[in-house]
Amino acid sequence: MADTTALKKQIEPHVQAWLQKQFGVRFRRQTVPLTGLGTAGQHQFAAVSEDGKIVASVKSLSGRTTGKNLPSAKIDSSYAAIYYLSLVQ
């Protein structure tokens with residue numbers, strides 16, 4: 001499995017800066033409360049505006065697997081990120 005930690009450390013600040021330029025408010029990594037389906041919890045997102053009105057998930061995954069297969073687990077993690085975004089208050 002590819003280690004994308006270094007890529008993540010490069011991509012997230014770039015995305016946060018781009019979002020700041022677009023929306024005129026600073027963004028940072030932050031844990032946000034979640035609600036839905038009768039449960040409550042929290043999740044850490046890569047880019048949350050200072051006022052909490054904008055929440056973004058940033059994925060920095062490599063492409064196909066080393067065996068040239070479709071990266072099904074990576075795709076599943078993207079679906080999970082969308083699900084968590086749907087639970088933001």
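Expressed to the nearest 0.5 Å, how far CD of Q42 lies from CG of L87 amounts to 13.0 Å. For the atom pair NE2 of H14 and CG of L19, the computed distance is 9.5 Å after rounding to the nearest 0.5 Å.
Of the candidates I54, V15, V55, V48, F27 forms a side chain to side chain contact (heavy atoms under 4.5 Å, CB included) with just one, namely I54.
Follow the hydrophobic side-chain contacts under 4.5 Å out from F23 and you reach V58 in the same cluster.
Proximity of V88 to Y84: side-chain heavy atoms (C-beta onward) are nowhere separated by under 4.5 Å.
The side chain to side chain donor-acceptor pair (under 3.5 Å) search around Q16 returns none, not counting sequence neighbours. Every residue two or more places apart in sequence or in another chain was checked for a salt bridge (Lys or Arg N to Asp or Glu O under 4.0 Å) with R28, and none qualifies.
Under a cut-off of 6.0 angstrom, the local environment of CZ in R29 is crowded, with over 12 non-hydrogen atoms contributed by other residues, nucleotides or ligands. Other residues, nucleotides and ligands contribute more than 12 heavy atoms inside 6.0 Å of the CZ atom of F45. Counting heavy atoms of neighbouring residues, nucleotides and ligands inside a 6.0 Å radius, atom CD of Q44 exceeds 12 of them.
Of all non-hydrogen atoms in H43 and L34, the two that sit nearest each other are CB-CD1, 3.6 Å. Across every non-hydrogen atom of S49 and Q30, the tightest pair is O-OE1, 4.5 Å.
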